Amino acid sequence: MRTAGAEEPAGADGAAGAEETAGAEPGGSDVPDGPAGPRPIGVGTTPTGQAAVDTTLRRLADADHLPASGHLRVYEDVHRGLRDVLAALDQHPGPPAPSSTTHDLRS
């Protein structure tokens, strides 16, 4: 039993599906002629003054010449490089840290 205003499920008689695809004609203006190639997104980097960081960040420009499927490899490489630069900061001995307490051992 159907009630007033009840809609037929899509595809039951094919009418609902025909309405949805009526505007999408093959070769129409809304359909691209071919697959779009990689396009540079033009993201620039600001120099940090740290050569290792700047070199690593410039690697991001490599993603401009790759399809989206290759971006992850570049991003992971840049992330790894930046992480290595930060880890190296802990490995290089610097000046001794000031003591947290100042004691005058002279009597």
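Bear in mind that the values here come from a model prediction, so they are computed numbers and not experimental data.
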Problem set entry | Any Val53 side-chain heavy atom under 4.5 Å of Thr56 side chain | no
For this session: Determine the minimum heavy-atom distance between Arg73 and Leu66, stating which atoms define it.
Result: NH2-CD1, 4.4 Å
Problem set entry | Step-by-step side-chain contact (heavy atoms from CB on, under 4.5 Å) determination, Leu57 to Leu82 | CA-CA 8 Å; Leu57 290 177; Leu82 293 173; 4.0 Å; yes
For this session: Give a yes-or-no answer on whether the side chains of Thr55 and Arg58 include a donor-acceptor pair shorter than 3.5 Å.
Result: yes
For this session: Report the residues that fulfil salt bridge (charged side-chain N to carboxylate O under 4.0 Å, His left out) with Arg80, sequence neighbours left out, ordered by chain and then residue number.
Result: Asp77
For this session: Can you measure from CD (Gln91) to CG (Asp84) and round to the nearest 0.5 angstrom?
Result: 9.0 Å
Problem set entry | Separation of Asp64 CG from His71 NE2 (nearest 0.5 Å) | 7.0 Å
For this session: Without swapping roles, check the side chain of Asp54 against the backbone of Thr48 for a donor-acceptor pair under 3.5 Å.
Result: yes
